[in-house]
Amino acid sequence: LPIFSVAVAEGESVGDLPKLCNKVIEVVSDRDAARSALVQAGAAQETATTATTAAIQAVSKLREASQAVDVAKQWSEEAKEALAERDELYQRIAEADMRVKELSREGSRKEQALAAALKAV
């Protein structure tokens, strides 16, 4: 009955039943379309909320990844420094090894000279 009152209020005659029925169908269709639009809007809002939540999580993951990259860069620098120190130690060891060999040769020569001097005496 409220639909009939809308149609009558808009100037339709109650005696003009086909027009009144068309008006009722039009009002019901508009109402159903509005409900459908509301349902679609609700679904769109839910999708937007889900997308926003996913975007916030993605930003958080990007921040974590950025921090991990910073830590990796720091470790890389520390590793480079450690390798440089290692190379320097290897160089010192090589120099010390050469000095030991040199001293050993020198010691052998002195030992031979001493032995020759003892033989001569």
Side-chain angles (χ1 to χ4, degrees):
L1 285 172
I3 294 171
F4 288 115
S5 62
V6 168
V8 171
E10 291 185 6
E12 298 294 331
S13 166
V14 177
D16 195 0
L17 194 56
K19 281 186 177 181
L20 185 58
C21 287
N22 285 338
K23 193 67 167 177
V24 168
I25 291 170
E26 196 177 302
V27 169
V28 169
S29 294
D30 288 347
R31 185 191 67 201
D32 289 344
R35 281 186 183 161
S36 177
L38 282 173
V39 169
Q40 290 175 356
Q45 182 180 8
E46 186 176 324
T47 300
T49 301
T50 301
T52 301
T53 302
I56 290 169
Q57 290 172 347
V59 167
S60 176
K61 293 294 182 186
L62 284 173
R63 284 185 184 140
E64 289 175 16
S66 177
Q67 289 172 348
V69 166
D70 291 343
V71 169
K73 284 180 182 178
Q74 181 181 351
W75 288 352
S76 176
E77 288 300 317
E78 290 173 3
K80 286 178 186 176
E81 290 172 9
L83 287 173
E85 289 175 12
R86 182 204 64 187
D87 290 345
E88 184 180 327
L89 289 174
Y90 281 155
Q91 180 63 33
R92 286 183 182 174
I93 290 170
E95 289 171 0
D97 189 43
M98 290 177 73
R99 181 69 178 140
V100 166
K101 287 178 184 176
E102 182 182 308
L103 289 173
S104 179
R105 283 191 297 268
E106 187 179 314
S108 291
R109 281 188 298 241
K110 286 184 179 180
E111 198 176 287
Q112 289 173 356
L114 181 59
L118 287 176
K119 277 186 183 181
V121 174

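In this chain, residues are counted from 1 in sequence order.
Rounding to the nearest 0.5 Å places CG of Leu83 at 12.0 Å from CD of Glu78.
Side-chain N or O atoms of Ser76 include none that pairs as donor or acceptor with a backbone N or O of Ala72 at under 3.5 Å. Under a 3.5 Å cut-off, the side chain of Ser66 and the backbone N or O of Leu62 do not form any donor-acceptor pair. Put simply, the side chain of Thr47 gets close to the backbone of Ala43: a donor and an acceptor are under 3.5 Å apart. One N or O on the side chain of Thr52 and one on the backbone of Ala48 form a donor-acceptor pair closer than 3.5 Å. A distance-only check finds a donor-acceptor pair linking the side chain of Thr50 to the backbone of Glu46 [under 3.5 Å].
Remark: Glu77 engages Lys80 in a salt bridge, criterion side-chain N to carboxylate O under 4.0 Å. Using a cut-off of 4.0 Å between Lys/Arg side-chain N and Asp/Glu carboxylate O, Glu106 and Lys110 are scored as salt-bridged.
Within 6.0 Å of atom CD in Glu102, more than 12 heavy atoms from other residues, nucleotides or ligands are found, so the atom counts as buried in its surroundings. Applying the 6.0 Å contact sphere to CZ of Arg86 captures more than 12 heavy atoms from other residues, nucleotides or ligands. Remark: Glu64 CD is packed, more than 12 non-hydrogen atoms of other residues, nucleotides or ligands lying under 6.0 Å away.
A side chain to side chain contact (heavy atoms under 4.5 Å, CB included) with Glu95 is found for exactly one of Arg99, Gln91, Met98, namely Gln91.
With contacts defined as side-chain heavy-atom distances shorter than 4.5 Å, the pair Val39/Arg35 does not qualify.
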